[in-house]
Amino acid sequence: MSTPRISNNANELLVTDIGTLAVVPPGPLPGRRMRDVTMLRDAALAIEDGRIAWFGPAADAPDFKLQHRLSAGGGCVIPGLIDPHTHIPFIGDRSGEFVRRVGGESYLSIMESGGGIRVTTAAVRRASEQQLVDANLPRLRRMLALGVTTCECKSGYGLDPEHELKQLRVIRTLDGLQPIDLVPTYLGAHALPAEFEGRADEFIDTIASEELLSLIAREKLARFCDVFCDRGAFDVDQSRRVLRRAAKAGLTPKLHADELAQIGATRLAGEVRAISADHLELIDDAGIEVLKNAGTIAVVLPGTSFYLGIEHCDARRLIEAGLPVALSTDCNPGSSMIESLPLIMNIACCQLRLLPAEVLAACTANAAAAIGLHENTGAIAKGFDADLTILDAATLESWFYTPGRPRVRSVIKCGRIVYGGGLSP
Ligand code: NIG
Ligand code: FE
């Protein structure tokens with residue numbers, strides 16, 4: 001499919017003919033406040049210096065002398081989508097595991113039989129930086145065409161200092177090659193590599209050495225440090241050691257928690273004041289309270305439960321309990337080979353019973369909060385980055401009503417049209 005690429009280099013723009021502007025307030029939006037999205041009909045939005053300068057009813061628009069205009073053609077305009085949890089960049093194919101799972105084997109038993117993360121680790125270790133860039137750039141371009149303007153990316157398939165650093169450098173390279181803003185996370189403690197079998201504590205000392213963590217922080221190769229704290233991965237004590245050291249080095253903690261087994265991971269997320277706790281399929285009441293008290297964002301990944309055929313996280317329960325919930329693809333080659341945030345949004349709506357406004361808040365304002373960017377992006381607010389996705393549906397409801405139908409017309413990143421078209425003089 002070819003899309004006209006027209007860019008307004010001046011990063012100032014007047015967006016006209018907006019059927020509905022979905023005005024998402026800045027995050028984090030806890031609990032029922034996720035519904036506080038105002039639908040403004042027949043709107044316009046002005047961008048200056050890449051930021052939102054004005055928005056309101058088109059009839060009230062001041063006489064902007066902006067050089068460039070873009071008609072939304074009556075479509076709905078939403079904040080650019082934010083994917084706050086992906087395992088990009090990766091390489092290799094695990095479709096055999098996918099079919100084994102469909103046939104009844106579990107993710108854990110495939111992992112225990114030598115499949116899983118170690119398979120992708122071997123492929124990533126073998127690949128050059130250029131090969132990793134080439135394998136992932138098209139993926140990011142496809143995500144852009146689905147309306148994504150910001151994306152968190154994790155290492156975690158190198159599992160030794162050399163290859164973890166390689167993955168982090170690839171994220172930096174990819175960030176410079178395409179319009180989506182990439183926010184890097186160090187996930188050295190993702191799995192135990194074969195050469196450390198039976199020596200998990202030694203592995204932790206290698207992957208979370210003071211030297212390595214401070215290098216990553218100093219070179220700004222990552223902002224966050226994540227750990228896979230679960231049965232078959234790392235226990236609470238090991239995860240605590242990694243995250244405490246990382247925080248000391250200047251990396252903010254995140255956690256894969258309560259996905260495969262309930263081992264107390266969410267309580268650790270609260271204890272280390274993680275910015276987000278992710279997965280949460282098996283979260284308990286105590287875990288919910290802990291996250292609330294710590295101000296941690298709950299990142300729910302319904303693509304993973306969909307793909308693995310396990311119970312979804314009860315996101316409705318988290319929202320009713322007053323937590324700010326974000327949604328993400330968890331895009332990875334094992335448990336969620338899903339790049340499409342709109343697909344995740346549809347699963348959240350149809351199967352987790354989240355309302356369209358809640359889902360939108362989860363993929364914008366709250367997703368921004370899960371990666372510490374909520375003061376600049378993820379909302380329609382004056383002074384915020386002009387990151388916008390224009391739909392060919394007139395309302396938010398009519399977009400959610402048609403799952404699977406590609407409906408992104410244009411994407412604007414910091415005031416520049418980076419996907420779709422076009423400009424009207
Ligand atoms: O988020 N849970 C841990 N890691 C990934 C799976 C990674 C893989 O299987 O390659 C996840 O589900
Ligand atoms: Fe993950």
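When a ligand or atom number is given, it counts from 1 through the structure's own listing order. Keep in mind that what you see is a predicted model, and the values were worked out from it rather than measured.
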Checklist entry - Are more than 12 heavy atoms from other residues, nucleotides or ligands located less than 6.0 Å from atom CZ of Arg101? => result yes
Checklist entry - Under 30°, 30 to 60°, or over 60°: which ring-plane class applies to His87 and His256, parallel, tilted or perpendicular? => result tilted
Heavy-atom distance under 4.5 Å between the side chains of [X] and [Y], does that happen here?
{"X": "Thr395", "Y": "Ser398", "result": "yes"}
{"X": "Met111", "Y": "Leu108", "result": "yes"}
{"X": "Leu177", "Y": "Thr173", "result": "yes"}

Against heavy atoms of [X], which atoms of ligand 1 measure under 4.0 Å?
{"X": "His190", "result": "3 (C), 4 (N), 5 (C), 7 (C)"}
{"X": "Phe228", "result": "2 (N), 3 (C)"}
{"X": "Tyr157", "result": "7 (C), 8 (C), 10 (O)"}
{"X": "His256", "result": "1 (O), 2 (N), 3 (C)"}
{"X": "Asn332", "result": "5 (C), 6 (C), 7 (C), 8 (C), 9 (O), 10 (O), 11 (C), 12 (O)"}
{"X": "Ser335", "result": "5 (C), 6 (C), 9 (O), 11 (C), 12 (O)"}

Checklist entry - Do any heavy atoms of Phe90 fall under 4.0 Å from ligand 1? => result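 False for this residue.
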Item to check | Proximity flag His279 to ligand 1, non-hydrogen atoms under 4.0 Å | outcome: yes
Next on the checklist: Apply salt bridge (Lys or Arg N to Asp or Glu O under 4.0 Å) to residues Asp237 and Arg240 and explain how you reach the verdict.
Outcome noted: CA-CA 5 Å; Asp237 286 338; Arg240 181 187 289 112; 2.8 Å; yes
Checklist entry - Would one find an N or O of Tyr107, backbone or side chain, under 3.5 Å from an N or O of ligand 1? => result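 For ligand 1, there is an N or O atom that lies under 3.5 Å from one belonging to Tyr107.
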Item to check | N/O separation below 3.5 Å, Thr304 to ligand 1 | outcome: no
Next on the checklist: If I take the Fe ion (ligand 2) as the centre, what angle separates the NE2 atom of His256 from the NE2 atom of His87? Nearest 10 degrees is fine.
Outcome noted: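 Approximately 100° at the metal, rounded to tens of degrees.
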Checklist entry - Below 4.0 angstrom, N of the basic side chain to O of the carboxylate: do Arg125 and Glu195 qualify? => result yes
Item to check | Sidechain-backbone polar pair: Ser155 side chain, Leu187 backbone, donor-acceptor under 3.5 Å | outcome: yes
Item to check | Donor-acceptor contact below 3.5 Å, side chain Arg41 vs main chain Gly19 | outcome: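 Checked: pair present.
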Next on the checklist: If you consider just the N/O/S atoms, which atom of Asp330 is the closest one to the Fe ion (ligand 2)?
Outcome noted: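 The atom in question is OD1.
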Next on the checklist: To check your reading of the model: name the closest protein heavy atom to atom 2 (N) of ligand 1, its residue, and the distance in Å.
Outcome noted: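 Heavy-atom neighbour on the protein nearest atom 2 (N) of ligand 1: Glu259 OE1, 2.8 Å.
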